[in-house]
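FYI, side chains are in, hydrogens and waters are out, and symmetry mates aren't considered; it's all heavy atoms of this structure. Per chain, numbering begins at 1; letters A, B, ... match sequence-line order.
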Amino acid sequence: MLYNPIVPELPEVETIRKGLAAVLPNRIVQKVFVHDSRLWRRTGQDPTPALEKTRIISVERQGKWLFCPLDSPHLSTGTILAAHLRMSGKFLVDKTENSATHERHDLSHLRATLLLSDAYRVSFVDTRRFAEFLIFTPETGKTLRARLGPDALNISTETLFSAFQGRKGTLKAALCNQHLIAGIGNIYSDEALWRAKMRWDRPAGHLSKKDAETLSFHIRSVLKEAIVAGGTSAKDGLYRGVNEEKGWFALQLDVYQRTGYPCPRCSTPIERRQRGGSATHFCPTCQQS
DNA sequence: CAATTGACCTGCAGGC
DNA sequence: TGCCTGCAGGTCAATT
């Protein structure tokens with residue numbers, strides 16, 4: 001059986017955000033257990049004590065980041081708890097009196113547990129230990145937020161066009177560059193380029209307005225369709241929603257991890273190129289613009 | 001400044 | 001059976 005770890009990108013993070021947003025807002029963090037201090041490596045400090053007795057205001061998302069604004073008399077106004085799932089981070093939400101969830105799930109990579117009011121429990125599992133948590137104030141988070149590009153979900157022609165202007169790297173690299181546009185990774189860059197019939201190795205800076213219109217349309221539509229499907233999970237893959245549910249967008253993928261299969265448009269076998277640490281999938285025949 | 005490469009991690013498939 | 005290698009890839013620091 002093929003092992004296909006599916007890494008969370010915008011649609012997967014958005015699906016998780018919705019799941020968390022159904023429970024977290026207005027609940028109080030009663031207790032925090034951090035089982036792996038590497039989770040906080042960016043600041044090097046475990047802010048667990050400061051988190052307790054705070055109220056979670058909402059659960060928001062920009063790109064692949066989750067942001068939870070907090071309300072506490074002990075924290076300065078605007079303090080935010082942020083999480084990035086990186087490769088394999090997963091949230092599970094259940095109630096403490098319902099131990100079945102935890103018994104069912106493999107918790108050997110449990111990294112943190114948050115106990116909330118009304119007996120809700122949020123478990124954070126991360127096999128590969130790339131995920132990170134971060135607490136920042138508007139002041140300390142300025143750099144992070146400023147370096148993050150506009151969210152890809154509703155990216156406009158104008159925004160895409162100006163973000164790619166002057167770039168000499170490939171379209172693929174620009175699409176995956178979170179400083180330019182936030183939320184797209186390896187799956188959805190391949191899928192958007194296939195839908196737009198564009199070569200992955202075109203210089204990003206050469207896009208015309210018309211090209212930017214075409215590409216931004218396909219970015220928006222592939223991301224929205226994937227969100228409707230609940231994201232992409234693979235057989236035995238890593239991504240799950242907060243209630244352990246799989247997403248079904250894998251059934252709608254046209255090129256990603258479909259090397260050798262016929263292109264849905266022209267039947268040419270899909271090709272694969274290694275690009276740095278990741279692979280690009282494309283149709284050599286009908287992705288020529 | 002922009003682009004590229006290696007490090008960080010772990011589990012599994014496939015080869016021998 | 002078990003060891004070894006390659007692959008999955010988001011982000012950042014270091015390098016070109």
Item to complete: Compare side-chain N and O positions of A:His109 against OP1 and OP2 of B:dG11 and report whether any pair is under 4.0 Å apart.
Response: yes

Worksheet item: Starting at CG of A:Leu175 and ending at P of B:dA3, how long is that distance when rounded to a whole Å?
Response: 13 Å

Fill in: Base of B:dA2 paired with side chain of A:Arg167 (donor-acceptor, under 3.5 Å)
no

Worksheet item: What does A:Arg147 touch in the nucleic acid at a heavy-atom separation under 4.0 angstrom: a base, only the sugar-phosphate, or nothing?
Response: nothing

Worksheet entry | Flag for A:Gln30-A:Tyr120: side-chain donor and acceptor within less than 3.5 Å | no

Discussion item. Whole angstroms only, please: what is the CG-P distance between A:Leu144 and C:dA13?
Written reply: 12 Å

Worksheet item: Under 3.5 Å, is there a donor-acceptor pair linking the side chains of A:Asp211 and A:Thr214?
Response: no

Discussion item. Any base atoms under 4.0 Å from A:Ala279, or only sugar-phosphate, or nothing? Heavy atoms, all strands.
Written reply: sugar-phosphate

Practice prompt. Can you figure out which of C:dG10, C:dG9, B:dG11 approaches the side chain of A:Arg86 most closely?
Written response: C:dG10

Worksheet item: Does OP1 or OP2 of B:dT10 have a side-chain N or O of A:Arg129 closer than 4.0 Å?
Response: yes

Worksheet item: Any idea how A:Phe133 and A:Trp40 line up, ring-wise: parallel (<30°), tilted (30 to 60°), or perpendicular (>60°)?
Response: perpendicular

Fill in: A:His281 NE2 - C:dA8 C1' separation (whole Å)
10 Å

Discussion item. From the set C:dG10, B:dA3, C:dC7, return the single nucleotide nearest to any side-chain atom of A:Val7.
Written reply: C:dG10

Worksheet, complete the sentence: Looking only at C:dA8, C:dT11, B:dC8, the nucleotide nearest the A:Lys64 side chain is C:dT11

Worksheet item: Does A:Gln178 have a side-chain nitrogen or oxygen under 4.0 Å from the phosphate oxygens OP1 or OP2 of C:dT11?
Response: yes

Item to complete: Apply the test salt bridge (charged side-chain N to carboxylate O under 4.0 Å, His left out) to residues A:Lys31 and A:Glu52: give CA-CA distance (whole Å), side-chain angles for both, the deciding distance (0.1 Å), then the verdict.
Response: CA-CA 6 Å; A:Lys31 191 74 192 160; A:Glu52 293 175 1; 3.6 Å; yes

Item to complete: Give the rounded distance in Å between these two atoms: CG of A:Leu85 and P of C:dT11.
Response: 10 Å

Fill in: Separation of atom CZ in A:Arg128 from atom C1' in B:dC12, rounded to whole Å
10 Å

Fill in: Distance below 4.0 Å between A:Arg41 side-chain N/O and B:dC8 OP1 or OP2
no

Worksheet item: Whole Å only: how far is the CG atom of A:Leu39 from the P atom of C:dG10?
Response: 19 Å

Discussion item. Apply side chain to side chain contact (heavy atoms under 4.5 Å, CB included) to residues A:Ile135 and A:Thr43 and explain how you reach the verdict.
Written reply: CA-CA 8 Å; A:Ile135 279 197; A:Thr43 50; over 6 Å; no

Discussion item. At less than 4.0 Å, is any side-chain N or O atom of A:His84 found next to OP1 or OP2 of C:dT11? Yes or no.
Written reply: yes

Worksheet item: Taking only side-chain nitrogens and oxygens of A:Gln274, does any of them come within less than 4.0 Å of OP1 or OP2 of C:dA8?
Response: yes

Worksheet item: With stacking defined as ring centroids separated by under 5.5 Å and planes differing by under 30°, is A:Phe130 stacked against B:dC8?
Response: yes

Discussion item. With heavy-atom distances below 4.5 Å as the criterion, would you say the side chains of A:Leu175 and A:Phe164 are in contact?
Written reply: yes

Discussion item. Tell me the interatomic distance from A:Asn177, atom CG, to B:dA2, atom C1', rounded to whole angstroms.
Written reply: 10 Å

Discussion item. Taking only side-chain N and O atoms of A:Tyr256, does any of them lie within less than 4.0 angstrom of OP1 or OP2 on C:dG9?
Written reply: yes

Worksheet, complete the sentence: Taken to the nearest whole Å, CZ/A:Arg38 to C1'/B:dA7 is 11 Å

